[in-house]
Amino acid sequence: MTRVALLISGGGSNMLRLVEAMQAEGFARPVLVASNDPEAAGLAKAAALGIPVAAVDHRSFGKDRAGFEAELLKPILAAQPDVLCLAGFMRVLTPDFVRRFEGRMLNIHPSLLPKYPGLHTHQRALDAGDTQAGCTVHQVTAELDAGPILGQARVPVLAGDTADTLAARVLGQEHRLYPAVLRRFVAGDRSLLQLG
Ligand code: GAR
């Protein structure tokens, strides 16, 4: 059974959807939820579902990204994952870390990549006057938010939208898209999934 570790930084709603899908459908096994923030609300939610959790506070490493990643790697390697899912993980990973998991690390990003890599995606879509927004699941490569795209889901931008209302609409699609892409990825399917 494919073993999946998940990295989060916050509430972990995408992580929960992935764990629930894996547990309900049995296509993979969640073996670890790890966070760079010991206070991340998703950790307790994962623990309540019986998933081993770990936290490595990036703040104690200052600018030492490699030191932080070396510590984060310990629980990850101990869990022996086949696939790593970034699910609202808000630290940029070094090329060394990425290389270790290249070809088996996924990320969800709240824009229709290649538009709006990085932060503040919803405000940038509104500022540009876009009529559509959405989310992307892609493989992680050393270049931020630029790896091969596995799936996208679209939502309309509505009159009166704020970054918050748009983010909420996109998040609803993230919850559909990520489990669907992971299910296909585990089965060896790298073709593009388009929803919405
Ligand atoms: C999600 O919208 C995800 O796409 C975004 O953070 C949110 C996490 O929510 N990720 C990024 O912006 C990555 N650069 P969640 O913790 O409820 O899953």
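Counting starts at 1 for both ligands and their atoms, following the listed order. Throughout, numbering of the chain's residues begins at 1 and tracks the sequence.
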Exercise. Taking the six-membered ring of F185, is NZ or CZ of R190 closer than 6.0 Å to its centre and within 45° of its axis?
Worked result: yes

Under 3.5 Å: N or O atoms of ligand 1 paired with protein N or O:
from	atom 1	to	atom 2	distance (Å)
ligand 1	2 (O)	E174	OE1	3.1
ligand 1	2 (O)	E174	OE2	2.9
ligand 1	4 (O)	E174	OE1	2.7
ligand 1	4 (O)	E174	OE2	3.3
ligand 1	16 (O)	G12	N	2.8
ligand 1	17 (O)	S13	N	2.9
ligand 1	17 (O)	S13	OG	2.5
ligand 1	18 (O)	S13	N	3.4
ligand 1	18 (O)	N14	N	2.9
ligand 1	18 (O)	N14	ND2	3.0

Seminar exercise, completed: Here the salt bridge (Lys or Arg N to Asp or Glu O under 4.0 Å) pairs for residues 105-133, sequence neighbours left out, are K115-D130

Review item, side-chain donor-acceptor pairs of residues 140-151, under 3.5 Å, at least two apart:
from	atom 1	to	atom 2	distance (Å)
D145	OD2	H109	ND1	3.4
D145	OD2	G118	N	2.8

Problem set entry | R169, CZ: over 12 other non-hydrogen atoms inside 6.0 angstrom | yes

Exercise. Above 12 or not: heavy atoms from other molecules or residues under 6.0 Å from CZ of R183?
Worked result: yes

Problem set entry | Pairs where residues 70-98 contributes a residue and the test salt bridge (Lys or Arg N to Asp or Glu O under 4.0 Å) is met, not counting sequence neighbours | E71-K74, D96-R99

